[in-house]
Amino acid sequence: MGNHATVQLSKDTPPPGGPHPGGLIAALYARGLLDHLRSRGVDPADLYPAARVVELEQARGHAEIPLHEWTAMFETATAALDDPELPLKAGAGLRMRHLGVLGPVLMNCRNLAEVQRQLARYIRLLGQIGEPVLTVDGAQAHLLWSWPYATRPHAAVAQFMMGARAMFMRWLSNRPDLRYDGCFHFAAPRDIEPYRQVFGGRLRFDQDHSEMLFPASYLELPVVSADEDLRAQVEAQAQAVLRQLSGEPDFVRMLKTALTRNLARGQVALHEAATALDISTRTLQRRLGELDRSFQGILDEVRLASAETYLRNTDTSLTQIAFLLGYSEQSSFHNAFKRWTQQSPGAWRRQHLPRR
């Protein structure tokens, strides 16, 4: 988000003087819009250049498109279908496949509170679109979207993001009965029934900012994930690490297995590893000292093994790999990998690609 000032999705923000320079959004979100149009019997090629539709459909990994192009796509579709609430409906119809690598991460969270933390942590994977800000005030939780530009946000952004958040919380917890109050920074639409269907609670328009309000108890709801593929992937990766660790002490193998499982959640701190092993941090440090090993050294070994696994999959971008290894920036991963192997991640990937 660079040096942009961070503001809320607010009606008081000055209107835009043009597109947001440099703003990007994940191409997967554009594909979410295309899928929504098809679900309504509309061929996207009837609304957008056919070649561009093909490009968006074929985009992989961490591909991004200009934010102003995405909002313009909504404007075109909204006008063609005469449906001002189309962005809200498209957001509510979003699926985990439209979140790329972030989808499996969210599906592997313990509860909705962790979902919100992980969403905030990984949000850069979805573009330069701000971030969700969760606050709890007594028995009520507030989830608003922080907008990273000093221009008035497009209403479609709030519609889409809030619609997606509402439905994902229901879907991840298998609780279709969840209800939310909604505040919106734009004027009331001619038809508020779609908003009633998506949120279920009280609706307020022309507010200072756009946000969802709901009982804080929702945050403790467990994630009921049916994603067996993700669990199998995590298990397979853990087993792959274990196979590479033959001859190591049992305690080191257990620690590496725990770290491997925790990487995608960003839980790589000493106290988080101790919790995973059900011991105190002092005990963990003492056991490692007895083996003349360091926690950081073992974490580096696990990250390297996992990085090599991810790098062999060309659909996973370097930015995604950095986040999956618990780094907040790709540059940190790049520097660490070069320190471990004397090669950049990109060079290592090219060297180990299958020969054709």
Exercise. Does the side chain of Y29 come within less than 4.5 Å of L94's, by heavy atoms?
Worked result: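 L94 reaches Y29 side chain to side chain.
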Exercise: do [X] and [Y] side chains pair donor with acceptor under 3.5 Å:
{"X": "Y310", "Y": "Q320", "value": "no"}
{"X": "E131", "Y": "S146", "value": "no"}
{"X": "D35", "Y": "H98", "value": "yes"}
{"X": "H154", "Y": "T71", "value": "no"}
{"X": "T283", "Y": "S280", "value": "yes"}

For this session: Might you work through the ring pair (Phe, Tyr, Trp, His ring centres under 6.0 Å) test for F160 and W70, ending with a clear yes or no?
Result: CA-CA 11 Å; F160 184 88; W70 186 63; 5.0 Å; yes
For this session: State plainly whether the residues K89 and E85 are in salt-bridge range, i.e. N to O under 4.0 Å.
Result: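 No, this pair does not count.
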For this session: Compute the ring centroids of F214 and F199, then answer whether they are less than 6.0 Å apart.
Result: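 No, the ring of F214 stays outside the 6.0 Å limit from the ring of F199, centre to centre.
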Problem set entry | Candidate pair K256 and L299, rule side chain to side chain contact (heavy atoms under 4.5 Å, CB included), full reasoning | CA-CA 7 Å; K256 288 189 172 182; L299 176 58; over 6 Å; no
For this session: Count the heavy atoms of every other residue, nucleotide or ligand shown that sit under 6.0 Å from CG of D177, and state whether that count exceeds 12.
Result: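 Buried by this count: over 12 neighbours within 6.0 Å.
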Exercise. If you take all heavy atoms of L318 and F333, which pair is closest and at what distance?
Worked result: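 Reported closest heavy-atom pair: O-CD2, 4.0 Å.
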